[in-house]
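Take a look at the structure set out below.
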Amino acid sequence: MPELPEVEVVKRSLISKIQNLIIKEVKINDHRLRYPINKKEIRKIVGLKIKKIKRRSKFLLFFFNNDIIMLVHLGMTGKFFYINKKNTKFKTSFYYDINNKKDTKHDRVVFFLNNSQKLIYNDVRKFGFIKFYKNNNISNTFHLNNLGPEPFDHKFNYNYFRQYISGKNRVIKDILMDQKFVSGIGNIYANEVLFLSEVKPTRKVKTLKDFELKKIIKFTKHILKTSIKLGGSSIKDFSSSNGKKGSFQQHFNVYGKKDYFCTKKNCKNKIVKSIISNRSTFFCSNCQK
DNA sequence: AGGCATGTTACAGG
DNA sequence: ACCTGTAACATGCC
């Protein structure tokens, strides 16, 4: 589900609701996530306070006392729900949260909090994971130490772009989704960035002109920021929801828009869909060169 | 029934 | 050691 903007929105929501609370109990309904949950390690956070919550790329880091860090990746379908203990109504919501949620089937882990609420990790496809580290070796984990710069980092600039792609024989869409190049962009935002940059996703990076690299950098930062402001993209549309949902999906120009008309003025083309590296790719063959 | 899905990574071959 | 492309993971929906 989540790319950088969605994870950022989840992080902010978590901070506002559970920062400084204490884990009273943890219940595991299914430990078979992408990596099996280590039951001994997860028990160690019982009694500890959630001091800080940070995001790096699409990862969430929960900082507890005793130097313990819980690293969470939401995979494709991971979600957090903040719910009251009597299981009646959600007090508030995180990304994708819905008030009439009946999907308890995919609640994989339940964290009971000292304010009588609970935090649920729900993950349909189980591509997400929850792992534990000590503060002093978190950056050594292979999950984090091969990541490229955050898109908003000043290090993500034209010179870096030029240097990274030199000698590479790949297409631009693959590079944008390469977490070693820049961290946090997935299939949706890669498609959208290339549309606004007017660059065809199939272009080999060695053919890109300076002004195109600059546009890609500019629109990457712009799109991700805008999406965060709008609460991210909520792709599924639940019928009755009191939960907060993102609205950036209403601003998609190409993602999922096969056969729709191109949104650029004076363009009569329809968006086409193709497959690049096993991922659906959408673009306007008229506007994107 | 078969294809597709917002992500990551292990592996194979060059 | 680096580069690139492919398949696999688990589950549900259209």
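Proteins come first, then strands; the chains are lettered A, B, ... in the order of their sequence lines, and each starts at number 1.
A side-chain contact (heavy atoms from CB on, under 4.5 Å) with R108(A) is found for exactly one of L33(A), I28(A), N29(A), namely L33(A). Of the listed residues (K289(A), K218(A), K264(A), K209(A)), just one forms a salt bridge (Lys or Arg N to Asp or Glu O under 4.0 Å) with E198(A), and that residue is K264(A). Checking V182(A), L4(A), L224(A) one by one against E150(A), the side-chain contact (heavy atoms from CB on, under 4.5 Å) holds for a single residue, L4(A).
For the pair K27(A) and F112(A), the NZ or CZ position fails the cation-pi test of under 6.0 Å to the six-membered ring centre and within 45 degrees of the ring normal. Taking the centre and axis of the six-membered ring of Y164(A), the NZ or CZ atom of K168(A) falls inside the cone set by 45° and 6.0 Å.
The side chain of K126(A) places no N or O atom within less than 4.0 Å of a non-bridging phosphate oxygen (OP1 or OP2) of dC9(C). A sub-4.0 Å separation between OP1 or OP2 of dG7(B) and a side-chain N or O of Q179(A) is absent. Between R34(A) and dT8(B) there is no side-chain polar atom (N or O) within less than 4.0 angstrom of OP1 or OP2. For dG7(B), the OP1/OP2 oxygens have no side-chain nitrogen or oxygen of H73(A) closer than 4.0 Å. In this structure, K105(A) reaches the dG12(C) phosphate: one of its side-chain N or O atoms is under 4.0 Å from OP1 or OP2. Put simply, H143(A) has a side-chain N or O that comes within less than 4.0 Å of OP1 or OP2 on dT9(B).
Remark: R34(A) engages no residue in a salt bridge (Lys or Arg N to Asp or Glu O under 4.0 Å) (not counting sequence neighbours). Taking F195(A) as the reference, nothing meets the ring pair (Phe, Tyr, Trp, His ring centres under 6.0 Å) condition, with sequence neighbours excluded.
Within the 4.0 angstrom heavy-atom criterion, no nucleotide atom of any strand lies near Y189(A). Nucleic acid contact class of K180(A) (heavy atoms, under 4.0 Å, all strands): none. Using a 4.0 Å heavy-atom cutoff across all strands shown, F59(A) reaches no nucleic acid atom at all.
Here OG1 of T263(A) is found 9.0 Å from NZ of K257(A). Values are rounded to the nearest 0.5 Å.
Pairs of residues two or more places apart, or lying in two chains, that qualify as ring pair (Phe, Tyr, Trp, His ring centres under 6.0 Å) and include a residue from residues 2-45 of chain A are Y35(A)-F129(A), Y35(A)-H143(A).
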Interface polar pairs with nucleotides 12-14 of chain B, N/O, under 3.5 angstrom:
none

Report the secondary structure of DNA chain B in dot-bracket form, marking unpaired bases with a dot and bases paired to a different strand with |, and treating Watson-Crick or G-U pairs with both distances under 3.5 Å as paired. .||||.||||||||

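Rounded to a whole angstrom, the distance from the C1' atom of dG12(C) to that of dT9(B) is 23 Å.
Residues of residues 160-172 of chain A having a heavy atom closer than 4.0 Å to DNA chain C, listed by number: K168(A), N169(A), R170(A).
Comparing atom distances between the R125(A) side chain and each of dT11(C), dT8(B), dT6(C) picks out dT11(C) as nearest.
Residues F161(A) and Y158(A) place their aromatic rings such that the two centres sit no closer than 6.0 Å.
Aromatic ring orientation, F252(A) versus F248(A): perpendicular (interplanar angle above 60°, classes split at 30° and 60°).
A salt bridge does not link E3(A) with K58(A): every distance from a Lys NZ or Arg NE/NH1/NH2 to an Asp or Glu carboxylate oxygen is 4.0 Å or more.
In this structure, F127(A) forms an aromatic stack with the base of dG7(B), since both conditions hold: centre separation below 5.5 Å and plane angle below 30°.
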